[in-house]
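Single-structure report; data block below.
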Protein chains: 2
Amino acid sequence: MTELDILAFALKQFADLTPNDFNMSTSFWHKKEYKKGDFFNQHKNVCRYLGFINTGTFRSFVIENNTAEEKNVFLYSKNQFVVPFKSFINQTPCDYHTQAMTDASIYYISIDDLLLLYKQSHKWERFGRLMAQMAFNVTIERMESFIFKTPEERYLDLIKNHPDIFNNIPLYHISSYLGIQGPSLSRIRKRISEK
Amino acid sequence: MTELDILAFALKQFADLTPNDFNMSTSFWHKKEYKKGDFFNQHKNVCRYLGFINTGTFRSFVIENNTAEEKNVFLYSKNQFVVPFKSFINQTPCDYHTQAMTDASIYYISIDDLLLLYKQSHKWERFGRLMAQMAFNVTIERMESFIFKTPEERYLDLIKNHPDIFNNIPLYHISSYLGIQGPSLSRIRKRISEK
DNA sequence: ATACGATTTTAACTTAGGTTAAAATTTTAC
DNA sequence: GTAAAATTTTAACCTAAGTTAAAATCGTAT
């Protein structure tokens, strides 16, 4: 299966796009390679692209202005979209940096081309709505994880539900995503391993 | 100004609905009165109504099954919508209880009537999109408040940005919303008053 | 005005994460 | 294979929130 086939398959799963629906869009998808540390979108930039990850892992993060500490807000991995939702959906300047955590390869499509597709086809319009719903669902799940779960539970959830992320990035990115410091994650890992 | 005028005005602000646009909907809005403790929507119910609050304050909360402790997830106040976003947008069973914290009065419209309006008018379709965006923006703001802010900062933000809520509900609802226990909020308040 | 219930604060103690720096381990480059 | 760099763990101490129960305060109804 080629990478484009995988993309077509994922979009079929996501929004029930048939091969024909997908074919309308093929000329709009472009491939891009990232080296670890390259940016998908910079802080303060309006994000104009929706990415689909072939290989690699990305994060959105904020640099706290008092401490210069980086805090990871969202992680994105293989066969998923990479996009800072709020900036892309509202077409507003992005609060985050969005960066490759590993070498990576994506397909991307511009907001302009997406809007063309929305106009041309009801199925693509539906895709747009489902994108927004997906962004909302990811966000509310993360919000609820902070309200209802302990850092230890968030850690166990990440291992269970996103092993592809867990296995491919350093633990300091994980601890930042979980909302705790490095030493705290070490203590949690120790606590778990002693059970 | 009548209550319906206030609703019309709020919708104009929110989605640029003209008096004509609004008039299309007047027969769909119904008034309902709540006593403190009454439910707008129950846990496990698919929420089929969008409310607009004339007077009073509502909350969405979860009862933790191990401790029976209630945790407030969203608060809603005067001249705003009351709706458990996720359940309403996805038309899925609700994870929360949504309840009046004070006596209250709302106008509500059903999802069926809203869908009719979406079909009839581009402006109302736009309203639907803006609703979903609003839900997303409220949710990501709350998510970010947990990632970037201390409980003390969240408390000060609430006083500053939602004085109508702060001034009308008991502190134990506030502490729950902030993600801390009652005694912790008392300590924070003491700390602040000593400055 | 008073008594009851509801709400908030306080106290005493526990727990878990924050902070800083050093040590240990792992990875990478040559 | 070894040195250097990057990552993770550990240690020691600090801080803030959790927990539980009691005390204080506030509101309300009679």
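In what follows, chains are A, B, ... by sequence order, proteins preceding strands, each numbered from 1. Predicted model only: the values in this text are computed from it and were never measured.
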Enumerate all atom pairs, one protein N or O and one N or O from nucleotides 6-11 of chain C, separated by less than 3.5 Å.
residue	atom	partner	partner atom	Å
C:dT7	OP1	B:Tyr172	OH	3.1
C:dT7	OP2	B:Tyr172	OH	3.2
C:dT8	OP1	B:Leu171	N	2.9
C:dT8	OP2	B:Leu171	N	2.9
C:dT8	OP2	B:Tyr172	N	3.1
C:dT9	OP1	B:Arg189	NE	3.1
C:dT9	OP1	B:Arg189	NH2	3.1
C:dT9	OP2	B:Ser186	OG	2.8
C:dT9	OP2	B:Arg189	NE	3.4
C:dT9	O5'	B:Ser186	OG	3.4

Whether A:Phe127 and A:Phe14 hold their rings parallel, tilted or perpendicular, with breakpoints at 30° and 60°: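 Taking A:Phe14 first and then A:Phe127, their aromatic rings stand perpendicular (interplane angle over 60°).
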
Test item: [X] side-chain N/O and [Y] main-chain N/O as donor-acceptor pair under 3.5 Å:
| X | Y | answer |
| --- | --- | --- |
| B:Thr26 | B:Asn23 | yes |
| B:Thr98 | B:Phe40 | no |
| A:Asp21 | A:Thr18 | yes |

Axis deviation across the helix from C:dA1-D:dT30 to C:dC30-D:dG1, five-pair ends, to the nearest 10°: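 One end's axis against the other's: 40°.
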
Phosphate contact (C:dG17 OP1 or OP2) by A:Gln181 side-chain N/O below 4.0 Å: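 For C:dG17, neither OP1 nor OP2 has a side-chain N or O of A:Gln181 closer than 4.0 Å.
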
Using whole Å, report how far [atom1] of [X] lies from [atom2] of [N].
| X | N | atom1 | atom2 | result |
| --- | --- | --- | --- | --- |
| B:Phe146 | C:dG17 | CZ | P | 16 Å |
| B:Lys71 | D:dG18 | NZ | C1' | 11 Å |
| B:Ile180 | D:dA16 | CD1 | P | 13 Å |
| A:Asp103 | C:dT28 | CG | P | 11 Å |
| B:Asn168 | D:dG27 | CG | P | 13 Å |

N-O pairing of B:Asp103 and B:Lys36 below 4.0 Å: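 No, no charged N to carboxylate O under 4.0 Å.
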
Test: B:Glu3 and B:Lys31 ion pair at under 4.0 Å: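 So B:Glu3 pairs with B:Lys31 through a salt bridge.
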
Worked verdict on A:Tyr34 versus A:Phe58 for ring-ring contact (aromatic ring centres under 6.0 Å, His included): CA-CA 10 Å; A:Tyr34 290 84; A:Phe58 291 77; 5.3 Å; yes

CZ (B:Phe9) with more than 12 external heavy atoms under 6.0 Å: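 No.
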
